[in-house]
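In what follows, a single structure is set out as structure tokens and then discussed.
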Amino acid sequence: MQVGLRDRTHTNMNDLSSKYEAKFAEWFGALRAFSFWKGRVALYAILKAMGIGEDDEVVLPGYTCVMNVNPIKYLGAKPVYVDIEPETFNIDAELLKGKITAKTKVIIAQHTYGYPCDMDVIIKIADEHAIPVIEDCCLALGSKYRGRIVGTFGKAAYFSFQWNKVFTTGLGGMALVNDSELAEKIASLCVLDLRKPSRREVFMLAIQLGVYRAFVYPKTTALIQAIFRYLTKKGLVVGSSQTGEFEPKMALDFFKGISVIQARAGLRQIKKIERNIEHRKKMAQLYDQLLEEKGWKSRGYDTDSMEPVMVRYPVRSADKGRALAEAAKAGIELGSWFECPLHPIETPLQTYDYRIGMCPVAEKAAREVVNLPLHPRVSEKTVRKTVEFVVRFGQAT
Ligand SMILES: *Cc1c(COP(=O)(O)O)cnc(C)c1O
């Protein structure tokens, strides 16, 4: 093959990932997409291409994953946390206004659990101050706000395809870009600096993906997760988060693209995406109905403007600790993000500029919220069983 044909200038110089990126962008009707090893790497690429650096402030919800904050810290910028709304767990747009300073360079709108943020208000505030918005769509692939798909509101958005996202390629991330200048900048960054995953990483990822496809069903998930966690500790798994990533220091091989395996898995998942979304909507409705029958207060998002595609179904439990402890034994797939404002709990919050008490609504949510499965392998029977289980612990209000 000629060199010119292979040298497509963006991300990975292989045709399959270019095809994956093109299909992904096309599905959104967006300008361009760039694939990365993980979602957090996509965020880093976007921030770096925007020129974020020392002394800049990046505003985001105080109910997030520390992996989202790392790229901000890697670039020397400062995360500024905003509390969330209790119903959607998304950034409280009213509080957001008060956090904007002359140093604010980016607003990250994280669409939590699949609920779209109140984009009208956020975009209005951003425009008034000429600050770009990046959408965190890691938990919201396919959600719509006023009929428009999330990921197309801001200058850029990013996605994760890690194990428990809307679809998985083992690990994986994507930056979706709606601005041609920014797209050019990301493309040049990739040409200059993007590494390839090592053979060892690709090999282990392939095995993990095989295990996942063969064994992960709602009943076995807790067990498989425990095994993976154990193996990760022993250094035998390319985990989604190595222990080194709980401090704001960037690894030398952080800025990586994807492997052919991920591109192939991603292309296959895009073909199935409509079915995946339909399933999630149907199962979420069933949760709504069954929980309501049990006398639980229903979800409080604005059904006029929001059409969420939920990655998991969040509920507030009156006894989160016990529910989680008993779930594994009962064969129930109960999730727990976020366990603290900067998930996971081990995080030394102060090194990330978070002080306890900064976001009380988020802290309360972290104490109460468990999430219920919705992925393609969840059947009506799983939903019924999960509801029966979770209502035993009562609803927190
Ligand atoms: C999963 C997740 C990320 C990070 O994705 P990775 O692919 O694990 O880097 C970022 N933000 C949110 C809200 C997520 O859920």
Side-chain angles (χ1 to χ4, degrees), residues 24 34-47 58 60-74 79 81-82 84 88-91 106 108-117 134-141 143 150-151 154 156-176 197 201 205 208-209 225 228 232 237-246 248 250-251 253-259 262 265-266 269 308-312 314 335-344 347 352 362 365-366 369 371 374-375:
F24 194 86
F34 299 88
S35 58
F36 295 95
W37 182 243
K38 293 177 185 178
R40 67 198 74 169
V41 185
L43 171 60
Y44 176 82
I46 298 166
L47 290 172
V58 176
L60 76 168
Y63 189 65
T64 189
C65 163
V66 71
M67 302 310 158
N68 254 343
V69 189
N70 272 331
I72 300 169
K73 298 290 275 183
Y74 292 166
Y81 303 102
V82 183
I84 56 168
T88 60
F89 310 97
N90 284 329
I91 202 160
V106 174
I108 297 181
Q110 172 187 299
H111 306 295
T112 312
Y113 300 121
Y115 294 121
C117 294
I134 301 175
E135 292 172 79
D136 177 349
C137 297
C138 292
L139 299 175
L141 201 161
S143 300
V150 301
Y158 62 105
F159 297 79
S160 167
F161 312 115
Q162 183 245 339
W163 308 103
N164 38 34
K165 306 301 162 112
V166 170
F167 73 68
T168 188
T169 59
L171 299 173
M174 193 76 87
L176 193 68
E201 283 169 320
L205 189 69
Q208 283 165 234
L209 209 45
Q225 278 176 349
F228 268 68
T232 303
V237 169
V238 273
S240 67
S241 299
Q242 275 92 23
T243 34
E245 290 185 80
F246 299 134
M250 189 169 131
D253 67 343
F254 175 79
F255 195 54
K256 277 199 292 271
I258 56 169
S259 58
Q262 289 155 294
Q269 290 295 331
V309 175
M310 308 301 288
V311 65
R312 314 255 319 169
S336 173
W337 356 292
F338 304 91
E339 301 210 320
C340 71
L342 312 179
H343 187 88
T347 309
Y352 288 96
V369 175
N371 57 66
L374 282 170
H375 53 79

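Just follow the structure's listing: the first ligand is 1, and inside any ligand the first atom is 1. Values below: all heavy atoms of this structure, side chains included; hydrogens, waters and symmetry mates excluded.
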Just jot down the ligand 1 atoms closer than 4.0 angstrom to any heavy atom of [X], in number order.
X      : answer
Leu139 : 13 (C), 15 (O)
Gly172 : 7 (O)
Asp136 : 10 (C), 11 (N), 12 (C), 13 (C)
Asn68  : 10 (C), 11 (N), 12 (C)
Arg40  : 6 (P), 8 (O), 9 (O)

- Task: Identify, with sequence neighbours excluded, every residue that meets salt bridge (charged side-chain N to carboxylate O under 4.0 Å, His left out) alongside Lys165.
- Result: none
- Task: Check the angle between the aromatic planes of Phe159 and Phe24 and answer parallel, tilted or perpendicular using the 30° and 60° thresholds.
- Result: perpendicular
- Do the rings of Tyr44 and Phe254 sit parallel, tilted or perpendicular, given the 30° and 60° boundaries? perpendicular
- Which bit of Cys138 is near ligand 1, meaning a heavy atom under 4.0 Å away: side chain, backbone, both or neither? side chain
- Counting heavy atoms under 4.0 Å, the part of Met67 that contacts ligand 1 is neither
Under 3.5 Å, N or O to N or O, is [X] touching ligand 1 that way?
X      : answer
Gly39  : yes
Thr64  : no
Lys165 : yes

- Message: Counting C-beta onward and ignoring hydrogens, is there a side-chain heavy-atom pair between Ile108 and Asn68 closer than 4.5 Å?
- Response: no
- Item | Val66 side chain reached by Pro344 side chain, heavy atoms, under 4.5 Å | yes
- Item | Nearest-0.5 Å distance, CG of residue Leu209 to CD of residue Gln262 | 8.5 Å
- Distance-only polar pair, side chains of Asn70 and Tyr352, donor-acceptor under 3.5 Å: yes
- Query: Closer than 4.0 angstrom: is that true for some heavy atom of Gln110 and an atom of ligand 1?
  - Reply: yes
- With Pro61 via side chain to side chain contact (heavy atoms under 4.5 Å, CB included) - residues at least two apart: Ile84, Ile91, Gln110
